[in-house]
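Structure record follows, encoded as structure tokens.
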Amino acid sequence: MDQGKIQKVAGPLVVAVGLTNSKMYDLVRVGEEGLMGEIIEMRGERASIQVYEETEGLGPGDPVEATGAPLSVELGPGMLEAVYDGVQRPLDALEAQAGAFLARGMTAPGLDRAKVWEFVPTVKPGEEVAGGDIIGTVQENTVIEHRVLVPPALSGTIESIEAGSYTVTDTVGRLKAADGTTHDLIMMQTWPVRLPRPFTKKIAADEPLTTGTRVIDTFFPIVKGGVACIPGPFGAGKTVTQHQIAKWSNAEVVIFIGCGERGNEMTDVLMEFPELIDPYSGEPLLKRTVLVANTSNMPVAAREASVYTGITMAEYFRDMGYDVVLQADSTSRWAEAMREISGRLEEMPGDEGFPAYLGTRLASFYERAGKVVCLGSTDSESRTGSVSVVGSVSPPGGDLSEPVVQNTLRVVKVFWALQDQLAFQRHFPAIDWLTSYSLYLDKITGHWAEEVSPEFRGRRDECMAILQRENELAEIVRLVGVEALSAEEQILMETAKSIREDFLQQNAFRDDDQFSSLGEQDRLLQMILLFHHTAIKAHEHGAPLKEIFAAPVRDHIAHAKYLSDAGAGEFDEIASEIETQLVGEGPHGLETAVYAGGER
Amino acid sequence: MREYMTTRDIVGPLLLIESVSDVTYGELVELEFPDGTRSLGNVLEVDRDVALVQAFEGTRGSNPSQTKVRFLGRSLELGVSRDMLGRVFDGLGRPADDGPEIIPDVRRSIYGSPINPTARDFPDDFIQTGVSAIDGLNPLVRGQKLPIFSGSGLPHNQLAAQIARQSAVLDCSGDDEIGCKAEGEFAVVFAAMGITFADADFFIDEFRNTSAIERAVLFLNLADDPAVERIATPRMALTAAEYLAYDCDMHVLVILTDMTYYCEALREVSAARKEVPGRRGYPGYLYTDLATIYERAGRVKGRKGSITQVPILTMPDDDKTHPIPDLTGYITEGQIVLDRNLHRRGIYPPVAVLPSLSRLKQKGIGPGKTREDHADLSNQLFGAYARGLQAKELAVILGEAALSDTDKAFVAFADAFEDRFIRQGPHEERSVAETLAIGWELMALLPRAELKRIKDEYVAKYLPVADAAVEVTG
């Protein structure tokens, strides 16, 4: 391998000479301590290297060693429940080596070499396999069955394969390729992070990814394989929203990338996830989670790499046939890392100092999401997997016209706009219903009709229309007061308030409110709309607005979101209370005379 | 010792030195100018045999041909010891009082190392600051970084001093519903960057008068001290804090003031280097740089001590979207925002409740920490105050008569809230029980049906059944 020498050190960027046989994006080892770095520019014999660790103490003349391989991740059993840094070093292994504070030049393999796994083959000797085919399984933990795949570039006949206890580098079988060469099959694959993993074909995503967050699932849904972004100023709740999705979404595997964010937030995830129980599997959430933690004070170049590390792992689980959610918090910090490196390279800047290729990089990252038919021969048509990507964006000053937001909006299909005004009112999640959008709505309406109810879409649209109308009327109310509105409009204003407070607001820290099933969301909407229509009818029959608005059932509607799914019966009770209190007889019912019409 | 007299260029705080060898990035440099003055510096960039050095104490008196440059072969370090308590240092960690030199227990690089995220312990010990606007609504917890966003002329210094004076952790092991103050070793590390002598003197006086000085370490870089030195000052302070917290098991409160001047020093160096600027001329790496300061707050598993940070920054023109408060807010765990209008109306502390936030409050309050109703009550206070302010705005346009009875109740609530809950004396210390009691008294001003965010059982248990409660419908 080449041995080069440092010429220049400027922050995370090092320039070296003598790496003539190296290629762009090759991994190198810098200095006596062997710090990890990646070649990102080559001019003549000068190679610019972004170093993933603190460069203090490096100077001209220090050695640089080429490895001849690009930055890659190790894929195989043992990734789940792990916490990695931006270049897939397990943080607990680093802690064991160096203590509570990160030291430099440490190495630790992404997958534990000593750990033994029970491998069960699913193919027999003599069978033909192609790249991407499943050759066996490992029960990685009680939740996830790890499917061992033939590396994408390999195909041929299985010569031997045997069940047993293996480490990730032990040979589990042998494969004879068409050209007569034989290959050892091991459970671990390595894959360059900047290269998307191959698949058979992309297909349309039409199944909702439910998150348990009402405003998302009902109003701005995302699909399995979809892409969404959450922009918002600080304090608006980006991270809490991301955590909610990581906790309660119906994906099978969650990859969470803490990209240049707070250390304590990662600690929060680490403390909370082993305790929280996944509503789908009944097991701790951590068992389906991989964490990539590159906090804001960790080296900036590793932050740039962390999103690629994360998405490559996501693709690997997708290739097994799983639905994966990848969360990147925050893509702005990733973009800033790019800007910092670009500045050190003295590249000509684009908008606000960001490199001109910002848009391309963002687009090619988000494009790695999607629902696919997995690579492989045997069951290629039946095995599908998906990667959904949810990226948060932290625009400076909350200004959505800045380059990262704008470039992101060009590629994502769902936009959850967080508003600090809503956060100030403690309306959480502070997702603004007027500016947010989802382009997947029409794709999943059919699914909703089958799985939830045929009227769900209609109810959703009606509520949305009420909220829109409220916004228009609010202008009038501000100028001339609520009395200036017609009775029907006043009822609408009350209903909109009810939608906001009794449906959209959701407390992520309250056990009985943090997760809402689609069925429950439908019932809540149904109830709010029932009150709305009944109120209009009651008023037509002469009931005074004051009395309608004071109906005690409204208190029950306000508390309905805290009912669990099991309480479906209580929904019916509330529905009948609406009837009796607004139009019927009863202790709080209106005078019988006013509904003389008697229909309903 | 490698000494050179090969300076080529001097630009602002930067020197370009030629024909050097074995220089490393970040290396500490001693400069000796022709008139005999000395300055410390460090290497910002080294390209072959040319080194770019930033001089912490300025370049006045230097010239290219006669400046001696010595590369010291180590990075900027601080010798730390327990004896630092009660002492005052300059911005580069040299004694600035009449006391003797510190005999260091150990020398540490001021740049520190990031805490491994898996080694962090989650901050969840409630700190009682004795200030209702903080304890009741946006509580501070041990290991948190909670900045004060202020503006020039606002009493952020008084508030920071009050927090430093009164802060205590509650001991909930007793039978009391709300614990009493816990004992424990507590220290304050104070770093001044570019503030005036008067401001620094205020803090020193405050510390002296309450004998808090015994457990304080002060690092002072004042307005007339070299600007570039400010880049090192907060790191000096945090290196001392880390020693006290993780080696001496102390709970350390670090006050950094004023971060705005720190960022301006950073911009000065960046401009001198002709770097591509980000927003408003601040360098593109401002976020990363600030993170290396703020992220040094925290707790570490297996160590008894902790570092809690209260950085203070004055927002230029009270603009929260300015890059300094903006990037700070993205790193810190919330912010306490001071408001000029409240201040003008004579309300101390002028904490603007709505934009203020403590991200860790959910973990620091509740049964076993403060009281079961704390979270719900603070939620309801927020919501009610926001609604009261909205109603007030409406009243300005339409006149008070146009408000519904409910809205009138909220207006009355908002006024009482500012007057009784937010307002308190600079030397008035309220226990969290007192703070919650005031909150509940205010709740009584609202119609019972409007207390939607509080669990019914808490309302039944804590709402005072005074005749002040108004029943309003409609």
Side-chain angles (χ1 to χ4, degrees), chain A residues 7-11 15 55-61 83 91-92 94-95 99-103 234-235 258 260 262-264 266-268 270-271 293 295-298 300 333 336 339-340 343 349 352-353 394 396-399 420 424-426 478-482 501 509 546 549-550 555 558, chain B residues 22-26 45-49 75 111-123 143 275-279 284-285 287-288 291-292 295-296 298 300-303 321 323 326 329-331 333-335 354-355 357 360 362 375 379 382-383 386 394 397-398 402 449 452 473-474:
Chain A
Q7 242 187 13
K8 172 182 174 180
V9 188
V15 177
T55 53
E56 194 192 308
L58 292 178
V83 188
L91 285 172
D92 52 352
L94 300 188
E95 191 185 347
F101 294 87
L102 292 167
F234 62 82
R262 304 175 181 92
N264 280 332
M266 292 319 290
T267 314
D268 190 17
L270 285 172
M271 305 276 235
T295 57
S296 54
N297 57 338
M298 285 159 77
V300 68
R333 305 303 162 223
E336 278 167 16
R339 172 167 74 180
E340 190 169 337
E352 296 197 15
S394 320
D399 169 18
D420 50 0
F424 293 168
Q425 296 161 23
R426 297 304 186 262
R478 256 194 295 278
L479 292 175
V480 287
V482 75
E501 291 180 359
F509 300 101
K546 221 171 179 170
F549 295 157
D555 234 21
Chain B
D22 292 333
V23 168
T24 62
Y25 173 70
E45 188 175 312
V46 50
D47 190 355
R48 282 164 278 200
D49 62 347
S75 73
Y111 299 102
S113 297
I115 302 177
N116 186 327
T118 58
R120 276 185 190 267
D121 207 357
F122 197 78
E275 290 174 329
V276 176
R279 288 174 69 218
Y285 48 81
Y287 177 84
T288 308
T292 60
E295 278 289 332
R296 286 171 83 171
V300 173
K301 280 181 199 156
R303 316 248 177 137
T321 65
D326 189 53
Y330 275 123
I331 305 165
E333 286 131 354
Q335 65 278 338
L354 299 185
L357 170 74
L360 303 180
Q362 298 287 353
N379 247 332
F382 265 118
L394 203 64
I397 303 170
L398 299 172
K452 280 190 191 172
T473 43

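Quick note on labels: first sequence line is chain A, next is B, and so on, each numbered from 1.
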Just by distance, no angles: are the side chains of B:E333 and A:N264 close enough, under 3.5 Å, to form a donor-acceptor pair?
yes
Comparing A:G398, A:S394, A:G235, A:A558 against chain B, the one with the most heavy-atom pairs below 4.5 Å turns out to be A:S394
So, B:Y285 versus B:E275: side-chain donor-acceptor pair below 3.5 Å or not?
yes
With chain A as the partner, which of B:G302, B:P355, B:G278 has the greatest number of non-hydrogen pairs under 4.5 Å?
B:P355
Interchain contact, B:I331 with chain A, by part (heavy-atom threshold 4.5 Å):
both
If you count heavy-atom pairs within less than 4.5 Å of chain A, which of B:G112, B:P117, B:A375 leads?
B:P117
Between B:R120 and B:E295, does any side-chain N to carboxylate O distance fall below 4.0 Å?
yes
Which portion of B:I115 sits near chain A, non-hydrogen atoms under 4.5 angstrom:
both
Picking from B:L354, B:T321, B:D22, B:N116, which has the most non-hydrogen pairs under 4.5 angstrom with chain A?
B:N116
Salt-bridge criterion met for A:E501 and B:K452 (N-O under 4.0 Å)
yes
Identify which of A:G99, A:G263, A:A103 forms the greatest number of heavy-atom pairs closer than 4.5 Å to chain B.
A:G263
Go through the atoms of B:A291 and report whether side chain, backbone, both or neither lie under 4.5 Å from a heavy atom of chain A.
both
Quick check with a 6.0 Å cut-off and a 45 degree axis cone: is A:R333 positioned over the face of B:Y330's six-membered ring?
yes
